[in-house]
Protein chains: 2
Amino acid sequence: MNATGMPDLDELKRLLRDHVQRNGLKSSSRRELVLEVFTRMGRHVTADELLRAARDSDARIGAATIYRTLRVLQDSGLVVERHFEGGASQFELVDGDHHDHLICIECKVIVEFDDDVVEQAQERLAARFGFELHSHRHELYGLCPACQKKRAAKAKRRTAD
Amino acid sequence: MNATGMPDLDELKRLLRDHVQRNGLKSSSRRELVLEVFTRMGRHVTADELLRAARDSDARIGAATIYRTLRVLQDSGLVVERHFEGGASQFELVDGDHHDHLICIECKVIVEFDDDVVEQAQERLAARFGFELHSHRHELYGLCPACQKKRAAKAKRRTAD
DNA sequence: TTGGCTGCAAATCCTTTGCAGAGGT
DNA sequence: ACCTCTGCAAAGGATTTGCAGCCAA
């Protein structure tokens with residue numbers, strides 16, 4: 001992750017090439033394009049958003065390529081897929097440390113966070129049930145500060161009537 | 001929730017009738033059938049599982065009715081929908097206290113758990129970002145004890161060759 | 001040259017909707 | 001009677017797959 005807060009593109013391309021080579025796959029400019037577009041967009045994107053953005057650079061790229069590329073990127077560990085409530089999957093670049101999500105149910109803004117207490121509790125819980133933990137999802141849904149204010153203002157207006 | 005560990009059917013039917021009446025809807029035997037089937041099956045079921053089971057009692061019931069009924073049940077607060085990773089939504093009867101999930105990535109068995117430490121951490125995190133918390137998802141994915149053994153046995157067999 | 005990659009279109013899977021008739025109040 | 005509920009079939013959205021040609025190694 002560089003100073004821009006986004007993972008470094010060249011680094012990502014290198015990791016992708018490594019994975020591709022190690023698994024008897026082949027390099028391709030489309031796959032690197034998807035990676036480029038990914039770094040330009042916000043951290044959470046849907047397959048369709050990637051497709052539209054990728055078409056700005058390569059009008060002939062198809063949805064199938066996006067999905068197939070996303071699978072390769074997931075296999076290589078560069079990307080994770082997330083199903084938030086409702087709608088399509090979101091894909092997210094991985095940058096070493098993972099994070100959980102706090103999502104506004106009104107404006108859909110996503111805040112990432114990380115918490116050691118929860119982390120440890122997860123290990124403890126898995127151990128209690130004899131599970132070998134592989135991954136987890138932890139998402140909190142609520143109203144962000146801005147949307148709370150908006151609601152409060154709206155309620156006030158109603159009262160004033 | 002009664003001694004069987006399943007919510008009480010009569011109680012559920014009563015709650016459903018209340019909701020239906022309060023909202024100008026109408027009672028129907030199909031909706032109560034879905035509720036019955038729900039209590040007979042494990043806690044987590046897909047729409048398709050409900051459909052097949054319901055057809056044992058009423059061969060003519062259709063998928064649309066299941067989905068429409070599930071929406072009514074959700075509106076009434078009796079059921080919640082969950083999108084675990086991959087595949088179809090699962091629906092779950094609500095019985096007052098909520099719980100989180102530990103899911104085996106191999107055999108898909110689901111263990112429910114409840115943890116105060118995590119619960120408190122969630123409140124704390126939401127507060128830190130000024131969010132007003134409404135709900136959350138917390139799912140741990142891993143290998144259950146049985147599937148760990150199966151994998152170990154398989155690995156051993158390979159080694160023996 | 002080989003075998004992976006791609007676009008395109010068709011196919012799937014899950015879920016929702018339109019419509020005409022059945023059923024509850 | 002009125003308005004909701006239902007089955008059926010068709011529509012929908014997201015994702016996957018089959019296939020024939022393209023491209024990298």
Side-chain angles (χ1 to χ4, degrees), chain A residues 13 16-37 44-76 79-91, chain B residues 13 16-37 44-76 79-92 108:
Chain A
K13 286 191 180 176
L16 175 57
R17 291 201 189 98
D18 286 353
H19 169 80
V20 157
Q21 209 145 31
R22 269 199 314 281
N23 292 82
L25 307 180
K26 292 179 176 173
S27 288
S28 93
S29 56
R30 311 291 156 94
R31 296 222 265 237
E32 302 208 343
L33 171 59
V34 171
L35 214 40
E36 278 175 42
V37 168
H44 301 89
V45 288
T46 63
D48 192 61
E49 287 166 347
L50 280 173
L51 175 60
R52 292 169 191 283
R55 282 195 164 146
D56 290 345
S57 305
D58 177 353
R60 321 190 47 68
I61 195 169
T65 298
I66 299 293
Y67 282 105
R68 287 189 278 231
T69 298
L70 283 169
R71 183 162 300 173
V72 172
L73 293 177
Q74 288 179 76
D75 291 344
S76 73
V79 162
V80 293
E81 178 176 4
R82 303 194 177 274
H83 283 264
F84 295 122
E85 283 173 9
S89 287
Q90 305 229 22
F91 297 86
Chain B
K13 286 191 181 175
L16 175 57
R17 291 202 191 100
D18 286 354
H19 170 79
V20 157
Q21 208 147 31
R22 269 199 315 279
N23 292 82
L25 307 180
K26 294 181 177 172
S27 287
S28 93
S29 57
R30 310 293 157 93
R31 297 220 265 237
E32 302 209 342
L33 171 59
V34 171
L35 214 40
E36 277 175 43
V37 168
H44 302 87
V45 289
T46 63
D48 191 61
E49 288 166 346
L50 280 173
L51 175 61
R52 290 169 191 283
R55 283 195 163 147
D56 291 344
S57 305
D58 177 352
R60 321 190 48 70
I61 195 170
T65 299
I66 300 293
Y67 282 104
R68 287 189 278 230
T69 298
L70 283 169
R71 181 162 300 171
V72 172
L73 293 177
Q74 289 179 75
D75 291 345
S76 72
V79 161
V80 293
E81 178 175 5
R82 301 192 177 276
H83 285 265
F84 294 123
E85 282 174 9
S89 287
Q90 304 230 18
F91 296 87
E92 177 180 343
K108 311 298 180 193

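Chain identifiers are assigned alphabetically (A, B, ...) following the order of the sequence lines, protein sequences preceding nucleic acid strands; residue numbering begins at 1 within each chain.
When rounded to the nearest whole Å, the span between CZ of B:Arg60 and C1' of D:dC8 equals 10 Å. The interatomic distance linking B:Leu25 (CG) with C:dT25 (C1') rounds to 13 Å, in whole Å. Look at CG on A:Leu70: it is 9 Å from P on D:dT15, rounded to the nearest Å. One atom, NE2 of A:His83, and another, C1' of C:dC13, lie 13 Å apart when rounded to the nearest Å. Taking atom CZ on B:Arg68 and atom P on D:dA9, their separation rounds to 14 Å, with Å as the unit. Separating the CD atom of B:Gln21 from the P atom of D:dT4 is a distance of 15 Å, rounded to the nearest angstrom.
Taking 4.5 Å as the limit, some side-chain heavy atom of B:Val72 sits within range of a side-chain heavy atom of B:Arg31.
When all heavy atoms of A:Gly62 and A:Arg55 are compared, the pair lying nearest together is CA-NH2, 3.9 Å. Of all the heavy atoms in A:Leu51 and A:Ile61, the pair that sits closest is CD1-O, 3.8 Å. The two residues A:Ala54 and A:Val37 make their nearest non-hydrogen contact at CA-CG2, 3.8 Å.
Phosphate proximity of D:dA24 to A:Ser28: absent, as no side-chain N or O sits under 4.0 Å from OP1 or OP2. Close to D:dC23, at under 4.0 Å from its OP1 or OP2, lies no side-chain N or O of A:Arg30. Considering only side-chain N and O atoms, B:Ser27 lies under 4.0 angstrom from the phosphate OP1 or OP2 of C:dT25. OP1 and OP2 of C:dT15 both lie 4.0 Å or more from every side-chain N or O belonging to B:Arg71. At the phosphate of C:dT15, OP1 or OP2 sits under 4.0 Å from a side-chain N or O atom of B:Tyr67.
When each of A:Gly24 and A:Ala63 is assigned the nucleotide of DNA chain C bearing its nearest heavy atom, the one mapping closer to the 5' terminus is A:Gly24. Along DNA chain C, the nucleotide nearest A:Ala64 and the nucleotide nearest B:Val20 are compared for position; the residue whose nucleotide lies closer to the 5' end is A:Ala64.
For the atom pair CD (A:Glu32) and OG (A:Ser29), the distance works out to 8.0 Å, reported to the nearest 0.5 Å.
Closest to the side chain of B:Lys26, from the set D:dT6, C:dC5, D:dC5, is D:dC5. Distances from the side chain of A:Arg31 to the nucleotides D:dT17, C:dT17, C:dT6 place C:dT6 closest. In this structure, the nucleotide among D:dT4, D:dT15, C:dC14 sitting nearest to the side chain of B:Ala88 is C:dC14.
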